[in-house]
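Below is one structure, written out as structure tokens; comments come after it.
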Number of protein chains: 2
Amino acid sequence: MKSLSKGLRVLMEFTADAPVLGVTELASRTGLAKGQISKILNTFRQHGVLAQDQATRRYSVGSRAFALGSRFVNYHPLAREALVVMRQVVEQTGHSARLSIMDGDQVMYLLQSEGIFLADTGWRVGMFLPLHATTAGKVILAFLPPLRVDELLDGATLVTITPNTITDPATLRRDLAEIRRKGFGISKGETTAGLGTVGVPVFGRDGHVTAVLGLVFPLHLVDWADAPALAAILHEHARTLSQGAGCPVYPFGGSAPRPTGTSPPQAPVRSGRRARA
Amino acid sequence: MKSLSKGLRVLMEFTADAPVLGVTELASRTGLAKGQISKILNTFRQHGVLAQDQATRRYSVGSRAFALGSRFVNYHPLAREALVVMRQVVEQTGHSARLSIMDGDQVMYLLQSEGIFLADTGWRVGMFLPLHATTAGKVILAFLPPLRVDELLDGATLVTITPNTITDPATLRRDLAEIRRKGFGISKGETTAGLGTVGVPVFGRDGHVTAVLGLVFPLHLVDWADAPALAAILHEHARTLSQGAGCPVYPFGGSAPRPTGTSPPQAPVRSGRRARA
DNA sequence: AAACGCAGTTTCTAAATCGGGAACGCTGAC
DNA sequence: GTCAGCGTTCCCGATTTAGAAACTGCGTTT
């Protein structure tokens with residue numbers, strides 16, 4: 001299927017960094033002939049996968065692509081349960097919650113539930129980031145089989161995303177060891193300047209990391225002494241998700257009585273220095 | 001581009017109703033030969049657009065399709081602003097907020113922000129529904145040019161989704177007139193049994209309906225006498241969105257001073273009979 | 001236990017579709 | 001008014017696809 005393959009190669013050029021593209025630009029990016037690109041784009045347009053701006057003649061992702069892609073998260077084993085759980089996390093902490101999964105050698109954001117302190121993190125659902133540059137990625141690495149981690153890290157250069165991104169393999173491996181010990185990972189502006197994150201693993205049937213449940217917040221709102229408290233909340237919910245995913249025993253967090261039923265919004269354990277105005 | 005076109009036709013068979021499909025089933029659905037379907041599916045799998053379950057050998061939508069599709073909403077003109085606005089709506093009402101757009105002759109859910117009363121509505125982002133069977137669709141119809149409405153309604157049979165779905169054209173047109181008058185539409189279980197919705201239009205540059213901002217809630221939680229109050233809240237925010245989309249004057253709702261800045265979480269105007277447990 | 005049936009993958013050949021370069025409108029800039 | 005840049009169309013050679021049937025592997029039946 002060479003023709004289909006080429007079409008998809010063209011389609012995949014519509015990245016988060018370049019969401020709107022023209023024929024000539026795509027031709028230079030892919031090395032294909034302009035005329036061919038034009039025909040490919042037209043086919044995608046006919047199917048609603050791409051949309052063409054009538055004024056600029058440039059193309060961007062269309063609604064049918066969105067409809068199709070949404071089926072991935074709508075039918076993802078974790079998603080249905082995670083949606084509910086994440087709302088509870090937001091209610092309890094006030095911060096935005098996030099569910100990330102591993103995709104290839106990157107991290108992808110699957111779900112996000114906006115909190116009250118931070119409505120827009122800039123990073124959106126469906127975006128990819130390198131494993132070493134995010135809390136989610138580090139947590140995944142921490143619980144991956146050591147051989148797999150070596151495969152992923154050896155030879156790979158740890159790209160800089162912000163000044164705080166971990167770029168030294170030794171530092172990263174120390175961080176991974178600490179994550180394994182504590183059961184949660186943190187980031188102080190390693191992915192986005194000014195934003196902090198806490199993340200805990202969700203395990204699947206075979207005890208492998210399936211996803212990472214995390215919180216995102218402006219750094220100035222959270223005292224890092226509270227990180228274990230936030231992690232404890234996440235651990236409770238990650239236990240629920242892990243059990244739902246077929247991993248009966250969750251190794252982290254106390255076995256404190258979990259809130260039963262569908263989130264009776266109890267006294268929120270908000271950890272901001274300055275809570276609601 | 002016949003090959004690409006066939007590939008996309010196969011891809012589009014992965015609907016919300018049939019998110020997991022096998023080769024034979026796709027062959028019978030599309031009328032193509034099994035062997036060809038197999039090769040097409042393989043190509044999609046190589047690109048991550050589809051994923052194959054190793055046990056059942058069946059295919060479902062993959063992560064790259066999700067990543068691609070998410071770019072539609074991430075770069076949709078309304079989405080960035082709507083994300084923030086919808087969080088505010090949820091804070092103020094406690095109910096789930098939704099942003100829907102028109103796509104072809106259907107309604108598509110673009111964004112959803114979960115409330116505390118109803119974490120999962122069953123209908124998910126990226127799903128399509130007929131215009132007449134949803135609040136969003138009715139609001140869109142109400143503010144579409146009359147000629148366009150005639151095109152859409154004449155000859156079309158109004159499909160039944162629930163026992164409450166409006167299936168009589170005359171009844172529908174009366175509802176549309178009322179929506180135009182009041183500035184908001186409602187549904188009492190017309191889309192999903194037991195769920196009610198309120199929706200208001202968002203207008204774009206040329207004054208056309210761009211989207212519908214709505215609330216979803218379990219019917220027993222809301223007194224319909226409160227509907228205008230909910231609509232008033234939605235109107236405020238829809239005004240913000242319309243202005244952001246280039247429509248300076250929003251015709252509905254009082255010009256009450258809007259809450260400034262990014263949602264100072266004020267006293268919530270919850271309208272449930274039995275508020276938080 | 002052996003055989004059947006079903007589902008997915010592979011093989012093969014004729015012929016249609018694609019690939020590549022260059023020419024053609026169209027729009028906006030100078 | 002002319003030029004430059006972009007997207008689209010045209011054309012021919014040959015690669016690639018379409019289609020039917022055979023193959024393999026697994027689960028179920030007898």
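Letters A, B, ... mirror the listed sequences (proteins, then strands); counts begin at 1.
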(Q) Under 4.0 Å, counting only non-hydrogen atoms across every strand here, what does A:Gln52 touch: a base, just sugar-phosphate, or nothing? (A) sugar-phosphate
Q. So what does A:Lys6 touch, heavy atoms closer than 4.0 Å: a base, only the sugar-phosphate, or nothing?
A. sugar-phosphate
What is the distance, rounded to the nearest whole Å, between atom [atom1] of [X] and atom [atom2] of [N]?
X	N	atom1	atom2	answer
B:Leu21	C:dA7	CG	P	13 Å
A:Arg57	C:dG28	CZ	P	11 Å
A:Leu41	D:dG7	CG	C1'	10 Å
A:Arg9	C:dG19	CZ	P	10 Å
B:Ile40	D:dT17	CD1	P	10 Å
B:Gln36	C:dT17	CD	P	12 Å
A:Asp53	D:dC6	CG	P	16 Å
A:Arg29	D:dC6	CZ	P	14 Å

(Q) With nearest nucleotide decided by heavy atoms, which residue, A:Asn42 or A:Lys2, maps closer to the 5′ end of DNA chain D? (A) A:Asn42
Q. Mapping B:Gly35 and A:Val23 to their closest nucleotides on DNA chain D, which lands nearer the 5' end?
A. A:Val23
Q: May I ask you to check whether A:Phe14 and A:Tyr59 place their ring centers less than 6.0 Å from one another?
A: no
**Q.** Ring centre gap for B:Phe143 and B:Phe252 strictly below 6.0 Å
**A.** yes
Q) Is A:Glu25 salt-bridged to A:Arg29, cutoff N-O under 4.0 Å? A) yes
Q) Under 4.0 Å between a side-chain N or O of B:Ser3 and OP1 or OP2 of D:dT16? A) no
Q. Can a side chain N or O of B:Lys34 be found less than 4.0 Å away from OP1 or OP2 on C:dG8?
A.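 Indeed not, no polar side-chain atom of B:Lys34 lies that close.
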Q) Counting side-chain heavy atoms from CB outward, which of D:dT8, C:dG19, C:dG8 is closest to A:Tyr59? A)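 Nearest to the side-chain atoms of A:Tyr59, counting from C-beta on, is D:dT8.
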(Q) Distance alone, cut at 3.5 Å: any donor-acceptor contact between the side chains of A:Ser5 and B:His47? (A) yes
Q) B:Tyr109 and B:Arg124: side-chain donor and acceptor closer than 3.5 Å? A) no
